[in-house]
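Heads up: the structure comes next, in structure tokens.
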Number of protein chains: 2
Amino acid sequence: MAAQPVTKTARHPGRRRDRAATRAALLDAARRRFGRQGYEGTGLREIAADVGVDPALIPRYFGSKRALYAEAVHVEIPSGLAADVNAPVPHLADALLREVVFGDWPGFDGEHPLVAMLRSAGHSDVRDLLRHQLCDGYLNALSGRLDGPDAALRAELLGALLIGMGVLRSVVGSPALSDATYEQLRPLVARLSAALAAAPAVKGSSGGGSRGGPRRGEASR
Amino acid sequence: MAAQPVTKTARHPGRRRDRAATRAALLDAARRRFGRQGYEGTGLREIAADVGVDPALIPRYFGSKRALYAEAVHVEIPSGLAADVNAPVPHLADALLREVVFGDWPGFDGEHPLVAMLRSAGHSDVRDLLRHQLCDGYLNALSGRLDGPDAALRAELLGALLIGMGVLRSVVGSPALSDATYEQLRPLVARLSAALAAAPAVKGSSGGGSRGGPRRGEASR
DNA sequence: CCCACAAGTCATCGTTCGTTGACTTGGAGG
DNA sequence: CCTCCAAGTCAACGAACGATGACTTGTGGG
């Protein structure tokens, strides 16, 4: 990032008169505000005040508040997931734990954008966006590595665990999970993902555990 | 039905001129609206229109919108939990699954009030209420039945799973979990809760005395 | 040096919000 | 039947909202 092509004099510290930089700063402030307060709870005047510009710039640069929100919450999931396609499920779960729960998302105050989006889940388009990003970004990649008739269901259960952990940590602030470190949580999540990776007990699924088999699960109920 | 002590003539179907009944109807409509749209996304005129009365009744009967919200989301957790104190953890997890995920909460459109409250989690007092109800109502009862140094953490992990399931089902609407039945989910949750109920495996990694260690996760930048 | 154009500001519009006070109406008691 | 009080309605308020158009100001190119 060759910082700025300063043409003449860089007198002002951050922003001189740069449309792109102002737009990016507005987008960043919008991410934070929308994530923390939800869509309806955030005013354009707040976002503009965070950046230090006039609120009228927002409808100008983004079209409308709703378009700003759509652009703010749209984040491509980096998905180190897609990289290691052949990784076993517990390794994937570990990667997801690191990324979804413990990854610091710079524009979102350290919480995962999907968790932040939950606060604005009153609108149906937010629901659609959430479902799309979650299912296509994470769950599909996960369920493809499971087998059995309810692979999708077990993948979503793992997703529910991770989403719930994010919610408890950054929304609710439950004591134990909020203070837990990654090293503390890793073996527990590994145990849970192993329990989910095992093929379903019933359903007449033949040949127990095609891939690696049940890892150390005492799956007996 | 027809349990109303009709004093003279029961001409109007539902409500004649009954302050208590109108108040209760407003509270119920408020629960539904706040749960579905969040606090900021709900207007008093909407709630009043659902009941069919004038919006001015709400500040009159409840004091303010905020007080109405506080009264609407305050629900005592029935907690068949506290009843069977000696039930083993998997049985408890099953009861929680039935109650939290599949219980139909009449005033909240079938989703758990804690999940509904997530949509208004922008305010710190909602966060406090959530944490209080969740921790004191569910997690404490759960962690008391686990042992080991991280009993609270494992209890919160189970809570995270259930909360995440509720979120995925009623907020996100992920396909597999939304269509799943209780009978489908029960064995899976049983497996997970069994994995959590087991005593923590002795992690030989941190042999040193300093608990936890100041290890900070590698902050990918 | 200066000037045109874009970046940013200002005043303001129409709407909707929560809330308030004055008014109207229904229904039970005398 | 009349009266009175509470339940409910109506109109309106000030504030905040998103959005718009006209204006001001800074800056790079000539």
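Hydrogens, waters and symmetry mates are skipped; everything else that's a heavy atom, side chains included, is used.
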Where do B:Glu46 and B:Arg36 land on the salt bridge (Lys or Arg N to Asp or Glu O under 4.0 Å) test, with the steps shown first? CA-CA 12 Å; B:Glu46 284 180 285; B:Arg36 184 150 33 201; over 6 Å; no
Write down the distance between CZ (A:Arg23) and P (C:dA7), rounded to a whole number of angstrom. 12 Å
Distance, rounded to the nearest Å, where B:Leu26 contributes CG and D:dA7 contributes C1': 12 Å
Starting at atom CG of A:Leu68, determine the distance to atom P of D:dC17, rounded to an integer number of angstrom. 15 Å
Tell me every residue that passes salt bridge (charged side-chain N to carboxylate O under 4.0 Å, His left out) with B:Asp50, counting only those two or more places apart in sequence or in another chain. B:Arg33
Output the rounded distance in Å from CD1 (B:Ile47) to C1' (C:dT19). 14 Å
Considering only heavy side-chain atoms of A:Val53, the closest of C:dT9, D:dA7, D:dT9 is C:dT9
Salt bridge (charged side-chain N to carboxylate O under 4.0 Å, His left out) partners for A:Asp179, two or more places apart: none
Given atom CG of A:Asp18 and atom P of C:dG8, what is their separation to the nearest angstrom? 7 Å
Side-chain donor or acceptor of A:Arg17 under 3.5 Å from a matching atom on the base of D:dT25? yes
Only counting residues at least two apart or in another chain, list the ones meeting salt bridge (charged side-chain N to carboxylate O under 4.0 Å, His left out) with A:Arg31. none
Students often get this wrong, so: under 4.0 angstrom with heavy atoms, is B:Tyr61 touching a base, only sugar-phosphate, or nothing? sugar-phosphate
Spacing of B:Arg19 atom CZ relative to D:dC5 atom C1', expressed in whole Å: 13 Å
For the pair made of CZ in B:Arg60 and P in C:dG21, what is the distance, rounded to whole Å? 9 Å
Set out, line by line, the N/O atom pairs under 3.5 Å between protein and nucleotides 10-18 of chain C.
residue : atom : partner : partner atom : Å
C:dG18  : OP1  : B:Thr42 : O            : 3.3
C:dG18  : OP1  : B:Lys65 : NZ           : 2.7
C:dG18  : OP2  : B:Leu44 : N            : 2.9
C:dG18  : N7   : B:Arg45 : NH1          : 2.9
C:dG18  : O6   : B:Arg45 : NH2          : 3.1

ring-ring contact (aromatic ring centres under 6.0 Å, His included) partners of residues 42-67 of chain B, not counting sequence neighbours, each pair once: none
Mind listing the side-chain donor-acceptor pairs of residues 164-172 of chain A below 3.5 Å, one per line with the distance, residues two or more places apart or on another chain?
residue  : atom : partner  : partner atom : Å
A:Arg169 : NH1  : A:Leu177 : O            : 2.8
A:Arg169 : NH1  : A:Ala180 : O            : 3.4
A:Ser170 : OG   : A:Glu111 : OE1          : 2.6
A:Ser170 : OG   : A:Gly166 : O            : 3.1

